[in-house]
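Data first, discussion second: the structure below is written as structure tokens.
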There are 2 protein chains.
Amino acid sequence: MKKITIHDVAELAGVSIKTVSRVVNNEASVSTNTKSKVNAAVKELNYKPNVSARNLRGSQTFIFGMLYDNTNAYFVMDMQNGLLSECLDQNYELLIRPCNSRAPDIVKQVSDLIHHSRLAGLILTSPLADNPDIIDYLREIGLPYMRITSGKAAIGTCEDGIFVDDDSASMHITNHLLTLGHTKIAYVAGDIAHQATTNRLDGYIKGLNKAGIAVDEALILKGEYSFDFGVEGFKQLLKLPSLPTAVLAGNDEIAAGILYCARLHNISVPEDLAIAGFENSPFSRQTWPKLTTASQPNTEIARRAAQLLIKMCRPDTTGEHDISQHCFIPELVVRGSTQKGA
Amino acid sequence: MKKITIHDVAELAGVSIKTVSRVVNNEASVSTNTKSKVNAAVKELNYKPNVSARNLRGSQTFIFGMLYDNTNAYFVMDMQNGLLSECLDQNYELLIRPCNSRAPDIVKQVSDLIHHSRLAGLILTSPLADNPDIIDYLREIGLPYMRITSGKAAIGTCEDGIFVDDDSASMHITNHLLTLGHTKIAYVAGDIAHQATTNRLDGYIKGLNKAGIAVDEALILKGEYSFDFGVEGFKQLLKLPSLPTAVLAGNDEIAAGILYCARLHNISVPEDLAIAGFENSPFSRQTWPKLTTASQPNTEIARRAAQLLIKMCRPDTTGEHDISQHCFIPELVVRGSTQKGA
DNA sequence: CTGAAAGCGCTAACAC
DNA sequence: GTGTTAGCGCTTTCAG
């Protein structure tokens, strides 16, 4: 298997290697005729530019990094798959790195990764995407990045990123519970380092307010996005003088934990307790009863993030940098954990 | 942020760049004194070799690929984390690629990945690790690879790889059920493209045989490693003249599906039906009751695979290539799905 | 045991 | 519009 280099292409097309380079990189100022000759040669030889050489020489590289600190395997896999599919299509490499967002030297770690691997851009998911130190640093060094996070406040501003409108989605779920007649609704939230946590909580509070129901702080628990915290949170609720009739969980894992614990205490779901999750992860379909939740298309979200980041890295496309942002709104999915027979 | 290159290290240590290169690559024939001087400089400057440059110049690269085709997010994440932690420690890159093992051109895909990304080695998980076409191809081109798969037959032979002794583990679980008095035990297996499926089935059959119980083919179902197939499989069992009193599932996801379906039909677990899974994934702790299963340390397995692969790529370590293989034996974990109160 | 020189495949800067 | 030259950071080859 002979290695095809830029020289082979140049020779076959009868041009210089620089011209081949120009065509491959879609630079302007190559005559249409030359361009098609080169493209034909590229195709005939099945030429792919050597990534290492480009990265070594070029000011710009073709490597993105995906940084995550998330215990939710489903979420991470969806992100990864979406990013990979887009990156590979566009001849970008994707470096995937787990990290600990609470490490004191997290900014340095990010910096090391960027410089050592010469990243062209970075994709951040929560809670990293919500860490101002990291964002400030990226802005400071001028590295293109895409945040995948929660919020609609940013929409309309000049802030780039992919945003999920958890606020509205959470309000929809809350309304759903209110419509079913619940008035005492607890909220078992995840990690407040995630912007989503605040926004989901806001949606819940707004929903209650609109219905004229006072928010009871004793019914709001904050912890982390895990099954175990769902269990733990429910135990706390059990200590209250009386149980709420419904619980909104920060995500499906928490909801599954609550459901598990409710079962241990012989509490019927949804009759004695309605439970709703968030994210529509496989979790929500693998409990009994299945979980009411809010669906968000994570793979699609990731793919969109990669698209926007690639666009940011290619200023070729005429003119200045326009805002690269997009907002997804999760959809309510009603199932048996809140409504019998749904 | 100044970029630290091999020249900076050489200058600080007062040696030539070649010597630094030797130390970094663990080549023989560097005096202990020089080596420690260089290592000190490396540490002080926080030097990391530029991967692109090494890959470009060297005959050998420092990029491994991890290829997977697995819908089990927990498994993939564990593998990924284990491989990454070892690779990063040893200054290897890890390229992660999902793929479709049933694509007709899968060998060409593998070949393209290897050549285009100039991989130094490949780590394969099931079912790719069990595909003879791929293995033959890798052997043919002489690329170092590590299979992470099931089996103990290979142990003692000259075959490299990480093996999980599912056969024995499955027999242990079967014995556990037999000890509890079950005699009519069904087996709801996963995808037979996975070697683990065959081996787990073998263990089950051996267990029954030893107890003098005839194997009933009607009680053996083959499908895929998913929650949904658990549901589907259980529905099939319901069509039998009488239900088995115990079910062994191909993995925890299948077991969770069976459990889910059993609940829908008001069948008590473990009283009316004992259910056991495999893998000790988070699934097994998030059902009610929790699942009896077999525990296997996936992250550790992955780390070991990377270690062995790295060793294979560094023949420096005196002498010829000795066998690189390791065997893990999953451990029985008894929980409430088979034994009340466990 | 150690160093000097060449060059991997490509792009940036400057010619023409 | 296109070609020439230099060199990214490293390993390889060959001298010492």
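Per chain, numbering begins at 1; letters A, B, ... match sequence-line order.
- Between A:T34 and D:dT2 there is a side-chain N or O to OP1 or OP2 distance below 4.0 Å.
- A:R118 pairs by the salt bridge (Lys or Arg N to Asp or Glu O under 4.0 Å) definition with nothing, not counting sequence neighbours.
- Screening residues 122-135 of chain B for salt bridge (Lys or Arg N to Asp or Glu O under 4.0 Å), with sequence neighbours left out, gives B:D130-B:R147.
- Within the structure, salt bridge (Lys or Arg N to Asp or Glu O under 4.0 Å) contacts touching residues 76-96 of chain B (residues at least two apart or in different chains) are A:R97-B:E93.
- Within the structure, the salt bridge (Lys or Arg N to Asp or Glu O under 4.0 Å) test picks out no pair touching residues 42-52 of chain A (sequence neighbours left out).
- For B:L56 and D:dG7, the CG to P distance is 17 Å, given to the nearest whole Å.
- In this structure B:Y47 satisfies the ring-ring contact (aromatic ring centres under 6.0 Å, His included) test with no other residue, sequence neighbours excluded.
- B:Y68 pairs by the ring-ring contact (aromatic ring centres under 6.0 Å, His included) definition with nothing, not counting sequence neighbours.
- What separates NE2 of A:H115 from P of D:dG9 is a distance of 13 Å, to the nearest Å.
- Not a single ring-ring contact (aromatic ring centres under 6.0 Å, His included) links A:F75 to another residue, sequence neighbours left out.
- In terms of the side-chain contact (heavy atoms from CB on, under 4.5 Å) criterion, residue partners of A:S21 (sequence neighbours excluded) are, by chain and number, A:I6, A:K18, A:N25.
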Which atom pairs, one a donor and one an acceptor, fall under 3.5 Å between side chains of residues 98-107 of chain A and the rest of the protein, sequence neighbours left out?
from   : atom 1 : to     : atom 2 : distance (Å)
A:N100 : OD1    : A:R102 : N      : 2.9
A:S101 : OG     : A:D69  : OD2    : 2.7
A:D105 : OD1    : A:Q109 : NE2    : 3.1

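- Using the six-membered ring where Trp is involved, A:Y92 and A:F62 have ring planes that are tilted, between 30° and 60° apart.
- With a cutoff of under 4.0 Å to any heavy atom of chain B, the contacted region of DNA chain C is bounded 5' to 3' by C:dC1 to C:dG9.
- Rotation axes derived from the C1' atoms of the five outermost pairs at either end of the helix from C:dC1-D:dG16 to C:dC16-D:dG1 lie 30° apart, to the nearest 10°.
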N/O to N/O distances under 3.5 Å, protein versus nucleotides 10-12 of chain D:
from   : atom 1 : to    : atom 2 : distance (Å)
D:dC10 : OP1    : B:Y47 : OH     : 2.6
D:dC10 : OP1    : B:N50 : N      : 3.0
D:dC10 : OP2    : B:I6  : N      : 2.5
D:dT11 : OP1    : B:N25 : ND2    : 3.0
D:dT11 : OP1    : B:R54 : NE     : 3.1
D:dT11 : OP2    : B:S21 : OG     : 2.7
D:dT11 : O2     : B:R57 : NE     : 3.2
D:dT12 : OP1    : B:S59 : N      : 3.4
D:dT12 : OP1    : B:S59 : OG     : 3.0

